[in-house]
Number of protein chains: 2
Amino acid sequence: MGIRPSSTRGDQTREALIDAAIEIFGRDGFRAASTRSIADAAGVNQALIGYHFGGKPGLYLAAFERITGAVEQHLLPVTQPIEEEFRRGEVDRERGVAYVLTMIDAIVATFTLPESEAWARLILREQQNPSDAFDRLYDRVLGRHLTLMTALIARVRRLDPQSIEARLISQTVIGQGLVFRSARATVLRHLGWRELGTGEIASIQSVIRRNVTAMLTGR
Amino acid sequence: MGIRPSSTRGDQTREALIDAAIEIFGRDGFRAASTRSIADAAGVNQALIGYHFGGKPGLYLAAFERITGAVEQHLLPVTQPIEEEFRRGEVDRERGVAYVLTMIDAIVATFTLPESEAWARLILREQQNPSDAFDRLYDRVLGRHLTLMTALIARVRRLDPQSIEARLISQTVIGQGLVFRSARATVLRHLGWRELGTGEIASIQSVIRRNVTAMLTGR
DNA sequence: GTCTATAAAGTGATAGAC
DNA sequence: GTCTATCACTTTATAGAC
């Protein structure tokens with residue numbers, strides 16, 4: 001207490017390396033990304049990766065940890081209140097639908113952020129070939145949100161929240177939003193869009209809201 | 001005509017290299033995949049990549065071309081008859097729904113095939129960072145099927161087939177199926193599954209069918 | 001058409017000066 | 001905490017024998 005370390009030179013180096021690592025690991029993959037290109041992009045000496053992170057794998061883990069925190073930071077302000085209200089047993093069927101819509105809106109918003117381009121590349125890679133880094137992401141963020149959405153859907157559809165059906169419906173809801181990130185090149189071409197701006201994102205959210213309402217309520 | 005070249009030694013080498021390339025480019029990415037590891041996996045000398053494909057980029061293009069053909073071969077037997085019936089103006093609203101369901105079933109089936117694991121890794125990579133190879137896949141396969149599904153959905157929902165809304169609905173339908181490939185690690189963990197077998201795939205198709213029917217008809 | 005051998009460039013890690 | 005220099009290894013491409 002008292003002394004604020006502000007930001008030492010070493011801290012700045014660490015941060016710059018992590019930022020560059022997210023970008024370059026995402027673009028090239030773990031093995032193809034060279035420590036020299038990451039150090040260059042960070043404006044930092046290559047030998048400092050060894051000093052600060054022990055080596056290339058340590059830097060990768062630090063980069064993925066940062067992504068996990070960033071995704072959490074974007075979703076939690078929306079989902080934590082819902083989670084608490086649900087735990088208190090205050091969520092009826094009507095509110096359940098509304099909260100599923102709120103959650104999918106937040107997921108679409110998060111994964112269409114410009115920053116999410118770099119995150120998503122790394123996360124998609126891990127999905128196809130999970131390493132230790134993925135475990136942390138799933139345990140801290142993905143699993144938690146899937147559990148909540150499944151619970152809401154189970155309440156609305158009067159299903160067992162442990163049932164395969166409730167879980168599968170969750171996945172299909174989230175899949176409707178994630179396709180705009182995971183199949184991005186296809187989406188842009190088919191829609192004739194150059195990028196996902198605020199107008200485009202609003203259109204996406206509106207269509208998904210209508211789909212999900214119909215899926216859950218038949219209306 | 002007359003002479004059947006059967007399969008020369010060179011042809012076998014080409015085929016073995018392409019098979020190995022799909023696997024290893026998919027696993028490691030273009031840059032990280034070494035021509036030596038591909039040649040080893042193919043049981044072939046490393047120098048033959050230069051001889052048959054001109055070099056590493058040529059082999060990558062050949063591998064992606066093969067994937068394009070494979071996806072086409074799985075989808076076209078289902079979708080071509082629908083395409084023709086639609087062109088003859090014989091598809092009413094009820095049939096339109098049935099054909100959207102048939103198409104999404106085929107898409108799920110194709111992208112849960114064991115072989116599709118290797119294809120999908122490459123296709124997902126191209127989605128985040130499209131190269132020339134992606135253009136061919138989109139023009140030959142993806143665009144064609146998106147156009148057909150959008151036309152069917154437009155008919156059912158009485159929308160302009162050129163409208164953004166009809167196209168967005170197509171994407172959300174397909175997204176429900178693709179999430180089981182693109183977010184595979186997350187899906188398996190959340191569902192408590194070890195892999196997608198025939199039973200699991202049937203459950204997925206059943207849930208998506210119900211979702212899509214509700215989305216398109218309100219029933 | 002396939003092989004061996006090798007040139008030229010790049011890789012991650014690290015020792016040691018400051 | 002940062003730097004330069006370098007080691008040991010791997011990479012792609014290719015020349016040339018068979």
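Every chain is numbered from 1, with letters handed out A, B, ... down the list of sequences.
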I'd like to know if B:E200 pairs up with B:R194 as an ion pair, taking the criterion as any Lys NZ or Arg NE/NH1/NH2 lying under 4.0 Å from an Asp or Glu carboxylate oxygen. no
Distance, rounded to the nearest Å, where B:N45 contributes CG and D:dA13 contributes C1': 13 Å
Please figure out whether A:R9 or A:R31 has its closest DNA chain D nucleotide nearer the 5' end. A:R9
Mind checking A:G50 for me? I need base, sugar-phosphate or nothing, with any heavy atom below 4.0 Å counting as a touch. nothing
Starting at CD1 of B:I49 and ending at P of D:dA13, how long is that distance when rounded to a whole Å? 9 Å
Quick one: do B:R136 and B:E126 make a salt bridge, cutoff under 4.0 Å? no
Go through DNA chain C in 5' to 3' direction and return only the first and the last nucleotide with some atom under 4.0 Å of chain B's heavy atoms. C:dG1 to C:dT11
Euclidean distance, atom CD1 of residue B:I38 to atom P of D:dA13 [Å, nearest integer]: 11 Å
Less than 6.0 angstrom from the centroid, inside 45 degrees of the normal: does A:R181 satisfy that with respect to the ring of A:F111? no
Does the side chain of B:T186 pick up a donor-acceptor pair with the side chain of A:Q127 at under 3.5 Å? yes
Say whether A:S170 and B:H190, considering side chains only, have a donor N or O and an acceptor N or O under 3.5 Å apart. no
For B:A41 and B:I24, which heavy atoms make the closest approach, and how far apart are they? CB-CD1, 3.7 Å
Looking only at side chains, do B:H145 and B:T79 share a donor and an acceptor under 3.5 Å apart? yes
Note: contacts of residues 12-23 of chain A with DNA chain C (heavy atom, under 4.0 Å) are none
Check B:D28 with B:R121, please: is the shortest side-chain N to carboxylate O separation under 4.0 Å? no
Using a heavy-atom cut-off of under 4.0 Å over every strand shown, decide if A:A32 touches base, sugar-phosphate, or nothing. nothing
Heavy-atom closest contact (B:A154 atom, B:P161 atom, distance): CB-CA, 3.5 Å
Using whole Å, report how far CG of A:L48 lies from C1' of D:dA5. 15 Å
Return the value, rounded to whole Å, for the distance between atom CD of A:Q46 and atom C1' of D:dT6. 11 Å
To the nearest angstrom, the OH-P distance between B:Y60 and D:dA13 comes to 16 Å
If you look at every strand shown and take non-hydrogen atoms under 4.0 Å, does A:A33 touch a base, only sugar-phosphate, or nothing? sugar-phosphate
